[in-house]
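First comes the structure, then the notes that go with it.
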Amino acid sequence: MTVSDIVWNKRERQLQLTFADDFVATLSAEFLRVYSPMEKTSAQGKAKPPVSNKKLVQITGIDNVGKHGLRLQFDDGHQAVYRQLLLSELAHNQHRLWQEYLDALALTGSTREANIEIKQL
């Protein structure tokens with residue numbers, strides 16, 4: 001499913017995606033960061049522990065990479081290309097995936113809270 005419109009709400013840290021079939025989903029920057037396609041497995045192919053401490057993460061750049069999808073850049077230095085299919089899967093399954101993430105954090109004793117809160121003046 002192709003993304004037809006993108007709206008980034010910086011204040012709310014939310015990305016609103018409209019798909020070609022008019023399905024609309026709002027995904028938080030934190031959700032997109034923890035479900036980055038680059039975070040699923042380690043170099044050895046083993047599952048990684050959940051990404052933690054990303055509650056305050058912000059998207060700093062969004063680039064269209066043609067048929068490949070969207071490149072999202074985050075203020076923690078991470079960046080990844082999110083394919084159209086992945087964005088659709090995340091949008092349609094976000095409630096289940098979010099609960100799985102929260103469960104994984106609880107299981108590992110990790111937290112969503114930022115290690116250091118940084119305020120811009």
Side-chain angles (χ1 to χ4, degrees):
M1 199 176 327
T2 305
V3 175
S4 60
D5 190 45
I6 303 164
V7 177
W8 169 239
N9 183 331
K10 184 176 181 177
R11 197 169 119 259
E12 297 294 324
R13 294 184 178 99
Q14 295 179 335
L15 189 66
Q16 180 179 298
L17 302 172
T18 303
F19 293 87
D21 66 352
D22 293 328
F23 174 75
V24 178
T26 302
L27 305 174
S28 71
E30 180 184 14
F31 178 78
L32 289 163
R33 176 62 180 87
V34 300
Y35 278 101
S36 166
M38 302 298 289
E39 294 295 350
K40 293 185 179 183
T41 58
S42 68
Q44 294 80 25
K46 297 179 183 175
K48 288 176 146 180
V51 175
S52 58
N53 311 108
K54 299 300 177 188
K55 186 174 183 177
L56 300 177
V57 74
Q58 188 71 273
I59 293 174
T60 58
I62 303 170
D63 300 308
N64 185 350
V65 287
K67 64 181 178 182
H68 299 292
L70 298 175
R71 179 182 298 113
L72 301 182
Q73 300 165 13
F74 298 88
D75 64 358
D76 65 355
H78 182 78
Q79 67 176 340
V81 175
Y82 291 71
R83 294 182 168 275
Q84 302 280 346
L85 181 60
L86 175 60
L87 290 170
S88 177
E89 289 173 2
L90 293 175
H92 283 89
N93 299 300
Q94 68 176 312
H95 298 292
R96 176 183 55 81
L97 291 169
W98 186 248
Q99 189 58 54
E100 288 176 5
Y101 171 65
L102 295 176
D103 292 345
L105 286 177
L107 187 65
T108 61
S110 300
T111 181
R112 294 176 52 217
E113 300 302 321
N115 286 333
I116 300 172
E117 186 172 341
I118 299 172
K119 293 184 181 181
Q120 293 181 349
L121 301 176

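Keep in mind that the numbers below use all heavy atoms, side chains included, and drop hydrogens, waters and symmetry copies. Numbering starts at 1 and runs along the sequence shown.
Taken to the nearest 0.5 Å, the CZ atom of R33 stands 13.5 Å off from the CD atom of Q58. We find the CG-CG distance between L87 and L15 to be 8.0 Å, quoted to the nearest 0.5 Å. Expressed to the nearest 0.5 Å, how far CG of L102 lies from CG of L107 amounts to 12.5 Å. Within the model, atoms OH of Y101 and CD of E30 stand 5.0 Å from one another, a figure rounded to the nearest 0.5 Å. L56 CG to E113 CD: the interatomic distance, rounded to the nearest 0.5 Å, is 7.5 Å. The CG atom of L17 sits 8.0 Å away from atom OG1 of T26, with the distance rounded to the nearest 0.5 Å.
There is a path of hydrophobic side-chain contacts, each under 4.5 Å, that joins L97 to F23. Linking Ile, Leu, Val, Met, Phe, Trp and Tyr whenever their side-chain heavy atoms come within less than 4.5 Å puts V57 and I6 in one cluster.
Residues W98 and R112 come closest through the heavy atom pair CZ2-NE, 3.5 Å. Considering all non-hydrogen atoms of both residues, P37 and V81 come closest at CG-O, 3.3 Å. In plain terms, the two heavy atoms of L70 and N64 that are nearest each other are CD2-CA, 4.1 Å. Heavy-atom minimum distance, L90 versus Y35: CD2-CB, 3.7 Å. Minimum interatomic distance between V3 and F19 (heavy atoms only, all atoms of both residues): CG2-CE2, 3.6 Å. The two atoms that bring Y82 and L32 nearest to each other are OH-O, 2.5 Å, heavy atoms only.
Heavy atoms of other residues, nucleotides or ligands lying less than 6.0 angstrom from CZ of R83 number 12 at most.
Of the listed residues (I62, D63, I59), just one forms a side chain to side chain contact (heavy atoms under 4.5 Å, CB included) with Q73, and that residue is D63. Checked against R96 for a side-chain hydrogen bond (donor to acceptor under 3.5 Å, both in side chains), the options E100, Q99, H92, Q94 give a single hit: E100.
Under the 4.5 Å side-chain criterion, counting only non-hydrogen atoms from C-beta, Q16 is not in contact with N9. Contact of the P50 side chain with the T108 side chain is registered, since non-hydrogen atoms from C-beta on lie closer than 4.5 Å.
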Mind running side chain to side chain contact (heavy atoms under 4.5 Å, CB included) on S110 and L105 for me, showing each step along the way? CA-CA 5 Å; S110 300; L105 286 177; 3.5 Å; yes

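Not one N or O on the side chain of Q84 forms a donor-acceptor pair closer than 3.5 Å with the backbone of K67. No side-chain donor-acceptor contact under 3.5 Å links T18 to the backbone of S4. Without hydrogens or angle criteria, R71 side chain to Q79 main chain gives no donor-acceptor distance under 3.5 Å.
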